[in-house]
Amino acid sequence: MSTMAYVVSLVDCNNFYVSCERVFDPKLEGRSVVVLSNNDGVIISRSNEAKALGIGMAVPFFKIRRLIEENDVQVFSANFPLYGDMSQRVMSTLSQFTPDMEIYSIDEAFLDFSGFKGVDLTAYGRKIRGTVKQWTGIPVSIGIAGTKTLAKIGNEIAKRSPKAEGVVNLVKSEHLDQALARVEVEEVWGIGRRSAPRLRDKGIETALDLREAEEAWIKKKFGLPGLRTVLELRGTPCLTLESSPPPKQGITTSRSFGAPVESLDDLKEAVADYVSRAAEKLRGQGSLARILTVFLMTNPFGKDSQYHNAIPIELPIPTDSTPELLHQALAGTERIFRKGYRYHKAGVILSGLLPRGQVQADLWEKEGPVPERRRKLMQALDRVNARMGAGTVAFAAEGIHKVWRMKSERRSKRYTTRWDELVEVTV
DNA sequence: TCTGGGGTCCTAGGACCC
DNA sequence: TCTGGGGTCCTAGGACCC
């Protein structure tokens, strides 16, 4: 009997949102490009050229407007339908290369390479990289190692070292210590803004230092998550591959407004819109919600007087039906609304989720908590909106003038998900 | 003037019980 | 005058992720 050593790779799309924009506009290649968050608030993706200009991640757009204009940086509002669709193409390409894969985020996946006997994994990584580029246009980097945390480190090195040609294999590598020494402690997966300075205070400055740290001290100061990180750096796998992720435990839909909102009517419209989106997600994963929370808040950065309130509402019957949820959410909004504030953001959280099938029907009527006719209507609604774009069919409560709608002044077309926004080819 | 959104897991501490 | 000890469950908040 032989135990096969665990080998995992992390495939990460380079500057993903920027790369998506470049696929549909090749003139952006080689230029400085950034993508903005919802409401054109902060920077969420940067090309290497933009990074070289000193444009940081999550920096408010208005603070670097000058820098952007002076350097002719190309700016895009977030186009999540496009990025989501491109992500699916990348993931389905990756799935051809291993039977066991975990989609970790919109632009990252772990691929299990355990048991790939006699395969040159570095060469295999290059093949994956080439195929993804050819089939989707998206450049990726790949790190291969004995644990997820080390694969992340390999990926980081692959991104910054041109010699690597996009792939770094740390399995039985004699360069492992050298690689760990080149990674700052705050770049280690699991070490965030709070922990890094506390580690540095103790002289722990690199991934290599962290690997050598004393276990008991780490456990005491950084808990189980910290200890796991150290063990993973030592090559002991603590984090497994989640090939079929469990359904989400909560579903949130929230947005900051394009301009301050003061009237209850406008707030209710916005909340209605968010409830509809949240309910779609809920039905999409086949769950019912037991609790609905509405929250409102003023701008935490501004000089306006502050108000923040949230109200959790226990639903009389677990449900996934938009009209039911709307009714509760609008009542909740009225209860927490206070006149005289300039509201900046509102949101809806669905929690206490149950799998639809598992709810005992006999607790309610024969048909279960959501009557059959209502369920059919919701299905039809979701199909139309998925095909034609969110909000094509909407409830009256969602409003039509939408003064609260977020800013998105520089969005590219939804090339792959809207018939009316296909790429135009000029011959 | 203008500062995103959506998640997960862990821990400490309170409430409650025997 | 003195004020146990342990277990479980729940929740809020912290830290982290992309």
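Numbers restart at 1 for each chain; the letters A, B, ... are given by sequence-line order, proteins then strands.
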Q: Would you please name every residue forming a ring pair (Phe, Tyr, Trp, His ring centres under 6.0 Å) with F110(A), sequence neighbours left out?
A: Y104(A), W189(A)
Q: Just jot down the side-chain contact (heavy atoms from CB on, under 4.5 Å) partners of M406(A), sequence neighbours excluded, or say none.
A: N38(A), N39(A), R255(A)
Q.
So, using salt bridge (Lys or Arg N to Asp or Glu O under 4.0 Å) as the criterion, who are the partners of E242(A) when residues are at least two apart?
A. none
Q. Which range-with-range stems can be found for DNA chain C when each stem has 3 or more Watson-Crick or G-U pairs in a row and both distances sit under 3.5 Å?
A. B:5-18 with C:5-18
Q.
Among residues at least two apart in sequence or on other chains, which ones pass side-chain hydrogen bond (donor to acceptor under 3.5 Å, both in side chains) with K220(A)?
A. none
Identify each donor-acceptor pair in which a side-chain atom of residues 134-145 of chain A lies under 3.5 Å from a protein atom, sequence neighbours left out, and give them as a table.
unit_1  : atom_1 : unit_2  : atom_2 : d
T136(A) : OG1    : V132(A) : O      : 2.7
T136(A) : OG1    : I138(A) : N      : 3.1
S141(A) : OG     : N14(A)  : OD1    : 2.8

Q: Could I get the full list of salt bridge (Lys or Arg N to Asp or Glu O under 4.0 Å) partners for R46(A), not counting sequence neighbours?
A: none
Q. Going 5' to 3' along nucleotides 1-13 of chain B, which nucleotides have protein heavy atoms under 4.0 Å from the base (write B), which only from the sugar-phosphate (write S), and which from neither (write -)?
A. -BBBSSSSSSS--
Just list the side-chain donor-acceptor pairs under 3.5 Å for residues 323-334 of chain A, sequence neighbours left out, or say none.
unit_1  : atom_1 : unit_2  : atom_2 : d
T333(A) : OG1    : A329(A) : O      : 2.7
E334(A) : OE2    : K268(A) : NZ     : 2.6

Q | Which residues share a salt bridge (Lys or Arg N to Asp or Glu O under 4.0 Å) with R200(A), sequence neighbours left out | A | E184(A), E186(A), E205(A)
Q) Can you list, by residue number, the residues of residues 182-200 of chain A that have a non-hydrogen atom closer than 4.0 angstrom to DNA chain C? A) V188(A), W189(A), G190(A), I191(A), G192(A), R193(A), R194(A), S195(A)
Q.
Going by the rule salt bridge (Lys or Arg N to Asp or Glu O under 4.0 Å), which residues pair with K27(A) if we only count those two or more places apart in sequence or in a different chain?
A. D25(A)
